[in-house]
Amino acid sequence: MLSEERHRAIVSAIRRGGAATVAALSADLKVSEATIRRDLDALAEQGLVRRVRGGATDPRGSVRPEADPRSFADVAASAPAAKQSIAALACTQIRDGEVIALDIGTTVAAMCPLLAERSLTVVTASLAVVRALASAPAIDIVVLGGLLRPNYDSLVGTLTESALRQLRVDRAFLGTAGVRADGAVLDSTPSEVPVKRGLLEVATCSYLLADHEKFPGSGFLEVTRLPRFTALLTDRPLPIEIDLPEGEAVEVLLP
């Protein structure tokens with residue numbers, strides 16, 4: 001395949017899916033990953049794609065956010081016992097009267113039934129969280145505006161990120177697609193990554209909620225490093241050894 005044909009195929013794949021990994025493009029086009037990286041760099045210089053770690057995204061993604069391969073409802077239905085035990089543990093970290101941020105993760109959303117009788121201010125870009133807590137008598141909800149990602153009930157984009165920068169919260173609770181052995185916390189959705197990073201920036205304390213299947217899980221975009229969190233909340237002893245640099249650590253909390 002000529003480079004021009006390959007470039008057209010790469011751009012087409014990224015526009016269809018909103019993003020693509022180097023590994024997936026390499027397999028689909030039957031060329032080396034090094035070749036794909038060079039292609040992506042060239043396409044990024046032309047403004048046809050936006051380079052991210054491990055791949056590239058559609059530069060129009062902030063206008064038309066990408067869909068997830070699985071809907072929020074589908075993901076929420078998987079491993080319910082693990083999600084509920086982690087959610088219960090997370091709720092023990094919260095004090096009445098605090099301002100907390102809940103991200104779009106399904107394990108984070110599992111906290112909502114346990115918070116319904118609490119007195120809190122909740123900041124979120126998750127419509128699932130909004131619906132779950134809308135009738136809670138003593139909870140004020142701050143909804144971060146933005147562009148709707150319908151199949152995951154979340155709001156993303158520059159409006160969401162701008163709103164976040166105006167806030168400060170006591171505690172932020174985030175989910176993840178996976179955690180690598182080197183401590184990289186991953187996500188698979190390019191438009192969600194800036195929102196997650198924004199939550200970490202405005203929070204005094206931050207907690208990562210991740211069941212045992214998230215080690216290493218999946219994801220090709222690095223959100224942050226594990227020591228950035230106040231604590232990691234999980235349902236079992238870690239199935240992999242996390243090898244952090246000397247002097248870096250994270251508290252691990254189990255139910």
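If you're wondering where the values come from, they're calculated on a predicted model, not measured in any experiment.
With S218 contributing its side chain and G178 its backbone, the two residues share no donor-acceptor pair below 3.5 Å. The main-chain N or O of L200 is found under 3.5 Å from a side-chain atom of R228 such that the two form a donor-acceptor pair. Remark: the backbone N or O of D103 is not paired with any side-chain donor or acceptor of S126 at under 3.5 angstrom. Checking side-chain atoms of K83 against main-chain N and O of D211 turns up no donor-acceptor pair under 3.5 Å. R118 places a side-chain N or O within 3.5 Å of a backbone atom of I94 that can act as its donor or acceptor partner. Between the side chain of R171 and the backbone N or O of Q93 there is at least one donor-acceptor pair closer than 3.5 Å. A donor-acceptor pair is defined here as one N or O able to donate and one able to accept, closer than 3.5 Å; no such pair exists between the side chain of T124 and the backbone of V143.
By the 4.5 Å heavy-atom criterion applied to side chains, L102 and L115 are counted as neighbours. Residues Q84 and P80 form a side-chain contact, since some pair of their non-hydrogen atoms from C-beta on lies under 4.5 Å apart. Taking the side chain as every heavy atom from C-beta outward, P245 and R225 approach each other to under 4.5 Å.
In this structure, V179 is a member of the same hydrophobic cluster as L244, with clusters built from ILVMFWY side-chain heavy atoms closer than 4.5 Å. Taken together through direct or relayed side-chain contacts under 4.5 Å among Ile, Leu, Val, Met, Phe, Trp and Tyr, I10 and V52 form parts of separate hydrophobic clusters. Side-chain heavy atoms closer than 4.5 Å link hydrophobic residues (I, L, V, M, F, W, Y) into clusters, and following such links, even through other members, never connects L114 to V99.
Scanning both residues, L221 and R53, for their nearest heavy atoms gives CD2-O, 3.7 Å. Across R180 and E222, no two heavy atoms sit closer than the pair NH2-OE1, 4.1 Å. Summarising the geometry of P216 relative to I240, their closest heavy-atom pair is N-CD1, 4.2 Å, with the distance given to 0.1 Å. Contact record, A177 with S188: CB-OG, 3.8 Å, taken as the closest heavy-atom pair. Of all heavy-atom pairs spanning G146 and L159, the tightest one is CA-CB, 3.9 Å. Considering all non-hydrogen atoms of both residues, S26 and S32 come closest at OG-C, 3.7 Å.
E33 contributes atom CD, which lies 10.0 Å from atom OG1 of T35 (distance to the nearest 0.5 angstrom). Here CG of L208 is found 9.0 Å from OG1 of T234. Values are rounded to the nearest 0.5 Å. To the nearest 0.5 Å, atoms CG (L25) and CG (D39) are separated by 9.0 Å. Between atom CG of residue L147 and atom OG of residue S191 there is a gap of 8.5 Å, rounded to the nearest 0.5 Å. Put simply, CG on L89 and CG on L209 are 8.0 Å apart, with the number rounded to the nearest 0.5 Å. We find the CG-CD1 distance between L232 and I242 to be 8.0 Å, quoted to the nearest 0.5 Å.
For the ring pair (Phe, Tyr, Trp, His ring centres under 6.0 Å) condition, no pair includes a residue of residues 209-255, sequence neighbours left out.
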Between T92 and L253, does the side chain to side chain contact (heavy atoms under 4.5 Å, CB included) criterion hold? Intermediate values first, please. CA-CA 11 Å; T92 67; L253 300 179; over 6 Å; no

- Test log, rule side chain to side chain contact (heavy atoms under 4.5 Å, CB included), inputs V185 and K196: CA-CA 11 Å; V185 178; K196 288 179 178 290; over 6 Å; no

The test is side chain to side chain contact (heavy atoms under 4.5 Å, CB included); show your working for R51 and R37 and say whether it passes. CA-CA 9 Å; R51 276 295 256 137; R37 290 189 188 94; 4.0 Å; yes

Query raised in the report: Going through the checks in order, is the side chain to side chain contact (heavy atoms under 4.5 Å, CB included) test met by L144 and L155?
Result: CA-CA 7 Å; L144 298 168; L155 299 167; 5.7 Å; no

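A salt bridge does not link R197 with E201: every distance from a Lys NZ or Arg NE/NH1/NH2 to an Asp or Glu carboxylate oxygen is 4.0 Å or more.
No more than 12 heavy atoms of other residues, nucleotides or ligands sit less than 6.0 Å from atom CD of E4. E117 CD: 12 or fewer foreign heavy atoms inside a 6.0 Å radius.
For the side-chain contact (heavy atoms from CB on, under 4.5 Å) criterion with V223, the lone passing option out of V193, L186, T176 is V193.
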